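These numbers were taken from a predicted model, which means no experiment stands behind them.
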Amino acid sequence: MNKTIRNKLRVLGCLVLSASIILAACRPEETTTKKRKKRKTTQEPTETTDEPSESTDPTDTEPTDTEPTDTMPDPTLYPPATARDPKDTIYFGADAKDKLHELDEEIFKEGRTDIISLIYDVEDPEKLGLEWPTVGIEPYNMDAEVENYEFSVHVLDTLDEIDFDSLELEDQILYETIKSDYELSLETYGMDFYLGTINDLTGINVELPIIFATMNFDDQADVERYLTILNDVGPYYDSMFEYEKKRAELGRSYPDEILKKVIESLEAVYTDHDGNYMYTTFEDRINAMDLDASTKQDLIARNKEILDTSFFPGYERLAENMKTLYGTAMTNGNVCDMPRGKEFYEKYFQYRSGTHLTIDEAKAILEGLIQQEFTDFYAALSQLNSDQYQQVVSGDFNYTTGSFESDVEFCRDAIKSDFPDLGEIKYSVYHIPEAMAEYFSPAAYMSTPYDDITKNVLMINDKSSGLNDMLTTVAHEALPGHMYQAVYHMIYMNNYYQKGGTTAYKEGWSTYSEDYIIKLTDYDQVVYDTYDLYIDLLNYHMWAYVDIGVHYDGWTKDDVADYFNQYFPGIGSGIADEMWDTTVEIPCYVTPYCFGNYYCSKIINDAVDKYGNEYTMSEIHAAYLDMGPSSFDILEKYMPLYVEKQH
């Protein structure tokens, strides 16, 4: 989760916790309208007289489809999809395996038509049968939707031709993973222009400067590729505005208050850019290279020219163009108010959560978790002594061994017995330039290429306020989190497709890793577990429920405040203020963290309950990782087979 958002909510959390003595004795306000019938959940709440009321929807009405109005156009943007006829099975035995891996390679190579699509995934394209493209960033092309549809049909047709029963276990899970993903792709064909690509938190406009400023230069060829990408930024943003303009024509653009924030984030990049880190970080990297002075001077001059004539003007044009979209939104940003919006949101939710859950099923899970955690949190809080209580209220735990590097070494030693041994994982440390510090989280991991597992980069923000809790950040980003998981899959996965992974899978594993590392320390587990309950409750499960409320049920900001006031009377408006803009601007922002953490922990803990007396934690962790990234229902199905495979 973005650290800025988490820190904002931590402040609100202090307000919540400071009122805990009162809140523990209070029930959320009873509504006078008829309650919904309680749904069966995957985790039944503990019975308590102080639990939240059963109706957690502040509007307390069943969702209804929003009918498109005459003022909201819904033209046929793409040719209609045609029914896909199942193909006859023609590949059996060893041929089935060969055909599946041929398809896997084809998927891996598909769309690698610009440099930026390769630069972080591949160290030497020729080793993988690829070549460096000549284009830096391809402009947005609306025709790609039709091409993607045709490729999805091709993938599913090919899978039809492969005999599933002929495949070995690891290839069966690959088969099911590809099939699941591409079926979802077909189901969302034509559902475009619901989401913005330009935003002030996770958009390409935010990510590109960081990518450029941290791109590694091993040789001059790397520099030339960098400059090629940089030169394409202006035209690329021009094409992205065409996408945003189409959204506006359909009435789906950002509400003005969100649009204003997006424009301000663009202006922050190009305004007063003399001495910007895009100049200085490039110069630092060039001066560190083994090049003659004349070559260095030439490269630095070319970078400056491209920044001045393409990069910064591209941001400025995009900002000015986005200003023309003021007043074009026909909704308040709720996806459900757009034509077919609820249908799209449910599919997008499945993609982001790594599940096949319907919205009703997801809400039932969240309602059960929220009620249970609310009860458990205040029960735990009531058992704390005064020192523990103050530590939880402050949210300041000083979880670190003293430095980033020592925290990495602590984690490396701590996981030796409970996680498979990968030997020495090589990595380099990149210290975020001071000029970038305020825009960057405490740390981040830059994934290793498919063809070189030594190119791991851990980025550290020396100016971050999160350094005092660096141990959990290191566990998340490095060991046994993102870096460990990426290297494990690069070593052991027998295919390209699952080496990539989904956000839900990766964030699920990394948030699980945070909690696991603390268990291996001497820190006060009661304090950590109590605060962790709060984080899960407010930052993950309640926020995910709000996201559904806003984008599927049509909640307003007042509805969000009412929802939180049921649990934390009097401060619902403050929480709603912090969550609202991000929720509207980036639908399903917190969803991968919420459901990734829930299902990763559940699958592993269920295996421990079933096999803990026969298998070690290292073997159970190996089983989970050996399956590779997939939707969580597939992982749940295969986990027992993979555990038993360890012996």
Side-chain angles (χ1 to χ4, degrees), residues 76-113 117 121 128-130 141-192 340 343-344 346-358 450 489 493-502 504-505 626-638 641-642:
T76 302
L77 300 173
Y78 303 104
T82 56
R84 193 182 70 85
D85 297 324
K87 304 299 179 184
D88 293 334
T89 302
I90 58 176
Y91 297 101
F92 298 89
D95 290 342
K97 177 184 178 70
D98 292 344
K99 189 63 178 178
L100 180 63
H101 284 274
E102 179 184 309
L103 178 64
D104 172 54
E105 184 174 347
E106 183 181 1
I107 293 170
F108 172 72
K109 293 180 178 179
E110 175 69 13
R112 305 279 185 174
T113 54
S117 67
D121 286 348
L128 302 176
L130 294 164
N141 177 11
M142 191 166 139
D143 293 339
E145 180 75 359
V146 177
E147 296 170 5
N148 291 339
Y149 170 79
E150 292 171 349
F151 186 73
S152 296
V153 170
H154 163 69
V155 168
L156 292 171
D157 285 349
T158 304
L159 290 176
D160 282 349
E161 295 174 341
I162 297 170
D163 179 48
F164 178 82
D165 293 333
S166 295
L167 301 173
E168 297 178 356
L169 184 63
E170 61 268 25
D171 289 332
Q172 287 184 339
I173 198 169
L174 170 62
Y175 180 105
E176 290 203 47
T177 301
I178 296 174
K179 187 173 189 290
S180 171
D181 291 350
Y182 278 87
E183 284 179 341
L184 182 59
S185 175
L186 282 193
E187 290 170 6
T188 57
Y189 169 70
M191 294 184 182
D192 210 345
R340 299 181 68 192
E343 181 184 356
F344 167 78
E346 186 164 69
K347 298 300 180 186
Y348 186 63
F349 170 87
Q350 291 171 348
Y351 164 70
R352 289 286 284 167
S353 65
T355 73
H356 291 96
L357 296 171
T358 66
Y450 285 72
H489 287 146
M493 294 308 299
N494 72 342
N495 62 78
Y496 291 112
Y497 194 80
Q498 291 181 283
K499 288 181 179 181
T502 64
Y505 179 94
D626 285 345
M627 291 188 293
S630 187
S631 63
F632 290 111
D633 56 312
I634 293 175
L635 297 179
E636 282 189 298
K637 180 174 74 172
Y638 279 91
L641 298 175
Y642 271 77

- request: Taking all heavy atoms of L186 and all of S152, pick out the closest pair and write down the distance.
  value: CD2-CB, 3.6 Å
Spacing of M627 atom CE and Y642 atom OH [to the nearest 0.5 Å]: 8.0 Å
- request: Over all heavy atoms of both residues, which pair between Y175 and L159 is shortest? Give the atoms and the distance, please.
  value: OH-O, 2.8 Å
task: Hey, could you give me the OH/OG1 distance between Y182 and T158, rounded to the nearest 0.5 Å?
output: 10.5 Å
query: At what distance, to the nearest 0.5 angstrom, does OH of Y348 lie from OG1 of T188?
result: 11.5 Å
- prompt: Stepwise, does the side chain to side chain contact (heavy atoms under 4.5 Å, CB included) test hold for Y497 with L103?
  reply: CA-CA 10 Å; Y497 194 80; L103 178 64; over 6 Å; no
- line: Value for OG1 (T89) from CG (D160), rounded to nearest 0.5 Å, stands at 7.0 Å
- prompt: Taking NZ, NE, NH1 and NH2 as the nitrogens, is one of them in K99 or E102 under 4.0 Å from a carboxylate oxygen of the other?
  reply: yes
- prompt: Does any N or O in the side chain of Q498 come within less than 3.5 Å of the main-chain N or O of D626, such that one atom is a donor and the other an acceptor?
  reply: no
query: Of all residues at least two apart in sequence or in a different chain, which pass the side chain to side chain contact (heavy atoms under 4.5 Å, CB included) check with D633?
result: H356, S631
- prompt: Between T177 and S630, which heavy-atom pair has the shortest distance, and what is it?
  reply: OG1-OG, 2.7 Å
- prompt: At what distance, to the nearest 0.5 angstrom, does CD1 of I107 lie from OH of Y496?
  reply: 12.5 Å
field: Sub-4.5 Å side-chain heavy-atom contact between Y91 and D98
entry: no
statement: When every non-hydrogen atom of P629 is compared with those of H489, the smallest separation belongs to CD-CE1, 3.7 Å
message: So that I can tick it off, tell me whether K347 and E343 are bridged by a salt bridge, with the cut-off set at under 4.0 angstrom between side-chain N and carboxylate O.
response: no
statement: So the side chain to side chain donor-acceptor pair (under 3.5 Å) pairs with at least one residue in residues 161-172 (sequence neighbours excluded) are K97-D171, H101-D171, D163-S166, D171-N494
- line: For D157, the salt bridge (charged side-chain N to carboxylate O under 4.0 Å, His left out) test, sequence neighbours excluded, returns R84
field: Atom of K109, atom of L130 and distance for their closest heavy-atom approach
entry: CG-CD2, 3.6 Å
task: Supply the atom-to-atom distance N141 CG to T113 OG1, rounded to the nearest 0.5 angstrom.
output: 10.0 Å
field: Derivation and outcome, side chain to side chain contact (heavy atoms under 4.5 Å, CB included), residues K499 and F108
entry: CA-CA 10 Å; K499 288 181 179 181; F108 172 72; over 6 Å; no
- request: Grab the two heavy atoms, one from M191 and one from E145, that are nearest each other, plus how far apart they are.
  value: N-OE2, 4.4 Å
N/O donor-acceptor pair under 3.5 Å between N148 side chain and A144 backbone: yes
query: So with a 6.0 Å cut-off around OH of Y351, is the heavy-atom count from everything else above 12?
result: no
